[in-house]
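To keep things clear, I will list the structure first and then write my remarks on it.
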There are 2 protein chains.
Amino acid sequence: MGRKRTKSGKIRLAEVAELAGVSPITASRFFRNPEALSVAKRTRVESAAKELGYVPNLAARALASQRTEVIGVLIPSLTNNVFSDVLRGIYDASEGSRYSIQLSNTRYSILQEEKLLRLFLAQKPAGLIVTGIDQTAESRAMLQAADCPIVQIMEIGPDPVDMMIGFSHYDAARAAVAHLFEQGHRKIGFVGARMDPRVQRRMDGYVSSMKDAALFDQRLVVTTATPTSVTLGGALFTDLLAREPDIDAVFCANDDLALGVLFECRRREIAVPGQIAIVGFNDLEFMASAVPTLTSVRTNRYEMGKTAATMLIEAIEGRRPEQPVLDLGFKVIERQSSSARRSDSRPAVSGAGAANKMIALPSSHD
Amino acid sequence: MGRKRTKSGKIRLAEVAELAGVSPITASRFFRNPEALSVAKRTRVESAAKELGYVPNLAARALASQRTEVIGVLIPSLTNNVFSDVLRGIYDASEGSRYSIQLSNTRYSILQEEKLLRLFLAQKPAGLIVTGIDQTAESRAMLQAADCPIVQIMEIGPDPVDMMIGFSHYDAARAAVAHLFEQGHRKIGFVGARMDPRVQRRMDGYVSSMKDAALFDQRLVVTTATPTSVTLGGALFTDLLAREPDIDAVFCANDDLALGVLFECRRREIAVPGQIAIVGFNDLEFMASAVPTLTSVRTNRYEMGKTAATMLIEAIEGRRPEQPVLDLGFKVIERQSSSARRSDSRPAVSGAGAANKMIALPSSHD
DNA sequence: AGGAACGTTGACAGCGCTACCAGCAACGAC
DNA sequence: GTCGTTGCTGGTAGCGCTGTCAACGTTCCT
C-alpha cells in the first residue's frame, strides 16, 4: 500500500531528470516551456515524470522564480447570487490553466479591501481581479504600483487601473426606467438595499431619468443599508406604499427585492402589473418563472467573470488585449410584471417563460 | 511616498532582525511562537517589523517548513445557494487565522474530485474540507493516507475519514414527510433535480416513509439529473400532475424547486395549501416571504461551514475535538404551504410562519 | 572555409525562510 | 562547588526550484 510514500512522498525534479537522463534544469524547462526542448528529451522527461508521478513543488517554484501562479480575487460578498455567477465564470476560466484562484471577501468594505490588497500584493500574485471602481486612494496607489495585470469587474468607469470589464449600472437603470415610461408608468418608486456603489449608481440612473421627465420626488425612493433579501423587498415596499399609496410602478435595485415586492403585492391583493408594475435588476433565473413573470435587467455575470479571468491570464502571459476596457452591456428583459398599464386590475395571463421581448443596449458612457 | 519600495519592495526577515538587533532565527520565531522570546526581544522585533512593514514570504516559509498554511476546500458547486452559505461560514472562520482557503469545484463529479484531491494533497495542505461521504475508493485511500486533518461536511454517515459534520438527509426527509402525514396528506409526490448523493438520500427518506405508510407509488416520484432551478420545479411538477392529477402534497428536494412548484400552482390556479401542500428543503430566506409562506426543512449551512473550518483549524494546531463527528441536525419549519388539509378549497388564515402578519391567503382569481 | 546566428543544454548560485542542534546564562539540587 | 535543568539565542545547512549565463553543436550565409 504505502509504496510511493517511502520517505514523505517526495519525488523531486532531480529524480525525474535523472530517470530521463537529462539535467535538472532541462527537466524544469519541460514544465515551463516544453517547446524549448528537443522532441527526444521532451518525450523522455514526459514519460519519466509520468512514471514517477511527479508533481512540482509550487512553494519552491514560487521562491525561486519570485512569482506565484495565483490569481487574487476580491469580491464584496459570497452570499449574493450575483457574485456566485461571476465567480463561477472566473473558476471556469482558470480551470485548465496553470493559475489558481485565491478568493477573499471584502464584505463591502473598502478598508477591508485595502487590507486584503496589501496582503495579496505581498505574495506577488500573477494577476488580480478586483470588484468595482471605488477603491481607497491607498488601494488605488497599490494597484497602480503592482507589477501584475489587474482587472476591475462589475462595472465600467473612467480611469481604469489596468483592464476593466462590466457595464454601466447608471445606463442600465435608465433603460429600466425608460421601459416603464414606455409602458405608461409615471409614478415610479425606487427600492434599494445595501446601497453599495453599484446600487447607488443604479439609483442615480433612476433619479436622473425621473428628473428628466420632471417626475422625480424624493418620497418615491426607499433605501436601506441593510443587506438585501426577499423579505426586505416586501418591507421596503410596505414603507413606500405607506408614503405614496398611488405609485404605479416600482424599480427594484435587484431581483430579490423585486420578488419580495411581488409577494407583498400578492399579500395585499395588489394586481401586478394591473395596479403596480415591477422591474428588477440582474435577471436571476427565477424572474422568468414567477407569476406574473418579472421584468428585469439582464446582466452578463457569468460571462463577465469568465472573460475577466481569460483576459487576465492572457495579459499575464504577455498577450495584452487590444481593448482593455470591455463593456458587456445589459438587456431589459420585458416580462409580464411591467406590461402596459391597463384599466382593469386583472393580471395578464400568458404562458410562463413566454418568449421575452428584449431591449439590448451597450452601456454608453460619456 | 515610494519610500519602502527601494528595490522591489522586498523587506526580508534578515532586515527586520538586523533592525531589531537579533538573529534572523529569533525574528523568525517571533512570527511563529512569540511566547518563546524574552519580552524585550519580542517588542524589539515587533516594532522593527512594523516599522519596515515586513510581510513574510509564504513561499519561502512553505519551502523551508515543508508545509503550507492552506486549507483546501472541495465543493461540488459554486452556483448552489446552499454551498455559498457553507462557504461563507468557512471563510468567516478562516479569517483572522493564519490559514488561507483554497477552493475548488468538483462539479458534482467524484472523478473530478479525485483529480483535485491529488493536486491538493501534493501541496501538503494544512487541512482539507471535502463535501459528502461518497468519494471514489482511490480518493478515500488518499484521504486516509494524508497526513493532515480532514473534515467531511454536508452530511454524516458511517466510517468518517477523520472528522465529519452535517446531518442526516435521510432523517430530514422522513421528518418532512411525517409532517405532511400529520397534516393529513396522503398522496405525496416527490420532486427532485440533480440527484446528487444527498438528494438521493432525501429521496430514500421519502420513499421509506411512504412505504412505511403503505402509500408509496413509483408514479409519485419525478426526478431529473438536470441542475436544479425554479423553472425546473414548475416543469417537474407539471409532469407529476400529468401523471397523478389528484396528489395532495409535494415534497421538493430543495427550495428552488418548491418555489417553482408554487408558481406553477399559481399559474394553474391550484390553491396552496388548500388543494396541494408544498414542502421544500434547506429553508432559504425567501421561503418565509413567499405567499403563502413555504414550509421547509431548515439546515444549518452557515454554521456547518463555520464549525467545520474551526474544528479543522483546531485539529491542525493539535487540539483535536473530543467529538469528531458532529450532527448539526435539522428542523422542519412549518409554514402556511403545508397547513392542515381541509375540505373547502379556501386556504387557512394562520399566524404561523416567520413574517407574522395576519395575512389573508390569496384565493384563486375569481 | 570562416564566422555569425540559432537552438539546445548544463553549471552555478541563490530565492527567504526554518529545522536542527549547539551554546550560553541563570538557577537549584545534591 | 559540581552537575543537571531550564530558558533563550544563534549558527549551519538546506527546502526544491529557477534565473542567468556560458558552452556546445548545427545550420546558413558570405
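Order of the sequence lines fixes the chain letters, A, B, ..., with proteins taken first and strands second; residue numbering starts at 1 for each chain.
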First encountered from the 5' end of DNA chain C, between B:Ala62 and A:Ser65: A:Ser65

Interatomic distance where CD belongs to B:Gln123 and P belongs to D:dC17 [whole Å]: 10 Å

Nearest-neighbour nucleotide for the A:Arg12 side chain, D:dT18, D:dG14, D:dG16 considered: D:dG16

Protein-nucleotide distance (A:Asn57, atom CG; D:dG16, atom C1'), rounded to Å: 6 Å

First of B:Ile25 and B:Ala59 reached from the 5' end of DNA chain C, by closest nucleotide: B:Ala59

Touch class at under 4.0 angstrom, heavy-atom based, for B:Tyr54 against every strand present: sugar-phosphate

Whether over 12 other heavy atoms sit under 6.0 Å from B:Glu18 CD: no

Whole angstrom value for the distance that separates P of D:dG11 from CD of B:Glu18: 13 Å

A:Leu63 CG - C:dG16 C1' separation (whole Å): 5 Å

Phosphate-side-chain proximity, B:Thr26 and D:dG10, N/O vs OP1/OP2 below 4.0 Å: yes

Whole-Å gap separating C1' (C:dC17) and CD (A:Gln66): 12 Å

Nearest listed nucleotide, side chain of A:Ala60, among C:dG10, C:dG16, D:dG16: D:dG16

A:Glu46/A:Arg42 salt bridge by N-O under 4.0 Å criterion: no

Nearest heavy-atom neighbours spanning A:Ile133 and A:Gln152: CA-NE2, 3.8 Å

Any A:Ser23 side-chain N or O less than 4.0 Å from OP1/OP2 of C:dG10: yes

Rounded distance (Å) that lies between atom P of D:dC8 and atom CG of B:Leu37: 9 Å

Sugar-phosphate, base or nothing in reach of A:Phe30, heavy atoms under 4.0 Å: nothing

Short side-chain N/O contact from B:Ser28 to OP1 or OP2 of C:dT18, under 4.0 Å: yes

C:dG10 base / A:Arg29 side chain donor-acceptor hit below 3.5 Å: yes

Rounded distance in Å - CG (B:Leu58) to C1' (C:dC17): 11 Å

Sugar-phosphate only, base, or nothing, as touched by B:Arg67 at under 4.0 Å among non-hydrogen atoms: sugar-phosphate

Distance below 4.0 Å between A:Arg32 side-chain N/O and D:dC17 OP1 or OP2: no

Presence of salt bridge, B:Glu15 and B:Arg12, under 4.0 angstrom: yes

Integer-rounded Å distance: C:dC15 P and B:Ile11 CD1: 16 Å

Residue met sooner reading DNA chain D from 5', once B:Ala36 and B:Ala64 are mapped to nucleotides: B:Ala36

Donor-acceptor under 3.5 Å (B:Thr307 side chain, B:Met304 main chain): no

Closest approach of B:Val82 to B:Arg301 (non-hydrogen atoms, all atoms of both residues): CG1-CD, 3.5 Å

Under-4.0 Å side-chain N/O to phosphate OP1/OP2 contact, B:Ser38 with D:dT9: yes

